[in-house]
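The structure presented is a predicted model; accordingly, all values stated were derived computationally and were not measured. To find a chain, count down the sequence lines: A is the first, B the second, and so on, and within it residues start at 1.
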2 protein chains.
Amino acid sequence: MKPTDAELEILQVLWSKGPSTVRQVHDELIKTRDVGYTTTLKLMQIMQEKGILSRTEDARSHVYHVLIGEEETQKSLLGRFVETAFRGSATKLVIQALGQHKASREELDEIRALLNQQLNQNSPD
Amino acid sequence: MKPTDAELEILQVLWSKGPSTVRQVHDELIKTRDVGYTTTLKLMQIMQEKGILSRTEDARSHVYHVLIGEEETQKSLLGRFVETAFRGSATKLVIQALGQHKASREELDEIRALLNQQLNQNSPD
DNA sequence: TCTTTACTACGAAATTCTTCGTAGATACTA
DNA sequence: TAGTATCTACGAAGAATTTCGTAGTAAAGA
């Protein structure tokens, strides 16, 4: 499953807001980008045909639901991204990401916990 | 600077092998993908027009050099990726990356060091 | 009821990216 | 020298993605 960039924008809205009409999604999109209503509509129709979204007919408009999980999709995108941009080195990616973005204490703790887990798996001593 | 997927493949070869002719790049590409020689040639010509590559004429063939740094490009791609795929949360990305890929002890140590740095910056106590 | 508004369906244009065929030039080889 | 191999240049087809205009329909409001 490789959503295009435009599809991903729509997915982000649906993941964050839950099931929505085209109008609702579109109102979110135009906050950051200039795009026509029928463009959003068309994209969501295509996504439905592809099986990424389903829809239920609510009165006159349709309510769209996401059929793929956010984490599952991120996982797949991440795998591909590590390959194409980092020649397969997830570690390099992690290091760059940590270097660029500041994380909160809680987040750092979470990452640290994960690291410890891996350390133990690698060479338990 | 947003290289396309095909461009990125070529960049990877050049970053890893250093300045190369079209033939050399192409010989690497066909190890993993079926593509015609003139396709590789055309792409590299386009990249040169865009200013991603420069070339020096060596005898009858041309030798191409990358004009953009690998880390700099990764940084830019990563920033975009975090936005589009992880809604801006680099931490989520790091956690997923760590969960998915095994790292060596040395790599883990490097990441750990980075974490400590950030911890100190955040709340030095 | 008539008009305006909001929605879906759909075709097709526009854009971007990728692919390759063909032509022309130059070097190498028998 | 004739023929073959290898290279660049370039146009254009093909494919994938994104965009939007137009038409049709149903609801809401005057």
Side-chain angles (χ1 to χ4, degrees), chain A residues 1-14 19-65 68 73 76-77 80-81 83-85, chain B residues 1-14 19-65 68 73 76-77 80-81 83-85:
Chain A
M1 185 56 47
K2 159 100 169 149
T4 67
D5 283 354
E7 286 173 349
L8 209 43
E9 282 187 312
I10 289 171
L11 287 173
Q12 299 289 15
V13 173
L14 289 170
S20 312
T21 62
V22 174
R23 173 63 58 192
Q24 291 169 324
V25 170
H26 184 247
D27 284 351
E28 283 302 312
L29 292 188
I30 53 178
K31 285 182 184 170
T32 52
R33 207 162 57 85
D34 194 29
V35 66
Y37 176 83
T38 54
T39 301
T40 306
L41 170 67
K42 178 70 164 187
L43 279 170
M44 290 175 73
Q45 284 172 346
I46 291 172
M47 291 166 80
Q48 191 234 327
E49 283 163 21
K50 287 189 188 173
I52 300 177
L53 305 181
S54 74
R55 71 186 187 187
T56 59
E57 320 219 339
D58 170 69
R60 45 209 225 83
S61 62
H62 297 165
V63 176
Y64 285 81
H65 305 248
I68 59 180
T73 305
S76 140
L77 289 172
R80 193 184 305 263
F81 183 69
E83 278 315 311
T84 60
Chain B
M1 183 57 49
K2 158 102 169 147
T4 66
D5 283 354
E7 286 173 350
L8 209 42
E9 280 187 313
I10 289 171
L11 286 174
Q12 299 291 15
V13 174
L14 289 169
S20 313
T21 62
V22 174
R23 173 63 57 193
Q24 292 168 324
V25 170
H26 184 247
D27 284 349
E28 283 301 312
L29 292 189
I30 53 176
K31 286 182 184 171
T32 52
R33 208 160 57 84
D34 193 31
V35 67
Y37 176 83
T38 53
T39 301
T40 306
L41 170 67
K42 178 70 164 186
L43 278 171
M44 290 175 73
Q45 284 172 344
I46 290 172
M47 289 167 81
Q48 191 233 328
E49 283 164 20
K50 287 190 188 172
I52 299 178
L53 305 180
S54 75
R55 69 186 190 189
T56 60
E57 321 218 339
D58 170 67
R60 44 208 226 82
S61 61
H62 296 166
V63 175
Y64 285 81
H65 305 248
I68 59 180
T73 305
S76 140
L77 288 173
R80 193 185 304 264
F81 183 69
E83 277 314 312
T84 60

- Could you tell me whether the phosphate oxygens of C:dT8, OP1 or OP2, come under 4.0 Å of any side-chain nitrogen or oxygen in A:S61? no
- Gap between atoms CG and C1', on B:D27 and D:dC7 respectively (whole Å): 14 Å
- Does a nitrogen or oxygen in the side chain of B:R23 sit under 4.0 Å from OP1 or OP2 of D:dA5? no
- Distance in angstrom units between A:D5 CG and D:dT19 P, rounded: 10 Å
- Query: Are the charged groups of A:E83 and A:R80 less than 4.0 angstrom apart, N to O?
  - Reply: no
- Note on the structure: Given the options A:V63, A:L53, A:L14, A:P19 meets side chain to side chain contact (heavy atoms under 4.5 Å, CB included) only with A:V63
- Would you please confirm or rule out a distance under 4.0 Å between OP1 or OP2 of D:dC7 and any side-chain N or O of B:R55? no
- When the distance from CG of B:L43 to P of D:dC10 is rounded to whole Å, what number comes out? 16 Å
- Query: Expressed in angstrom and rounded to an integer, what is the separation of A:Q24 atom CD from C:dT8 atom P?
  - Reply: 11 Å
- Message: Tell me the interatomic distance from A:K2, atom NZ, to D:dA15, atom C1', rounded to whole angstroms.
- Response: 15 Å
- Query: Can you tell me how far P of C:dT8 sits from CE of A:M47, to the nearest Å?
  - Reply: 15 Å
- Message: To the closest 0.5 Å, what do you measure between CG (A:L8) and OG1 (A:T73)?
- Response: 8.0 Å
- Does D:dA9 have OP1 or OP2 sitting under 4.0 Å from an N or O in the side chain of B:Q45? yes
- Query: Going from CD on A:Q48 to NZ on A:K50, what distance comes out if it is rounded to the nearest 0.5 angstrom?
  - Reply: 12.5 Å
- Query: Among B:T40, B:I30, B:L41, which one satisfies side chain to side chain contact (heavy atoms under 4.5 Å, CB included) with B:V25?
  - Reply: B:T40
- Message: Measure CG/B:L41 against P/D:dG11 and give the value in whole Å, please.
- Response: 14 Å
- Message: Evaluate B:M44 against B:H62 for side chain to side chain contact (heavy atoms under 4.5 Å, CB included), listing each step before the verdict.
- Response: CA-CA 11 Å; B:M44 290 175 73; B:H62 296 166; over 6 Å; no
- Between CD1 of A:I46 and P of C:dC10 the distance, given in whole Å, is 12 Å
- With B for base contact, S for sugar-phosphate-only contact and - for none (protein heavy atoms under 4.0 Å), nucleotides 20-30 of chain D reads BBB----S---
- Message: Could you check whether any side-chain N or O of B:H26 sits under 3.5 Å from a backbone N or O of B:T21, counting only pairs where one atom can act as donor and the other as acceptor?
- Response: no
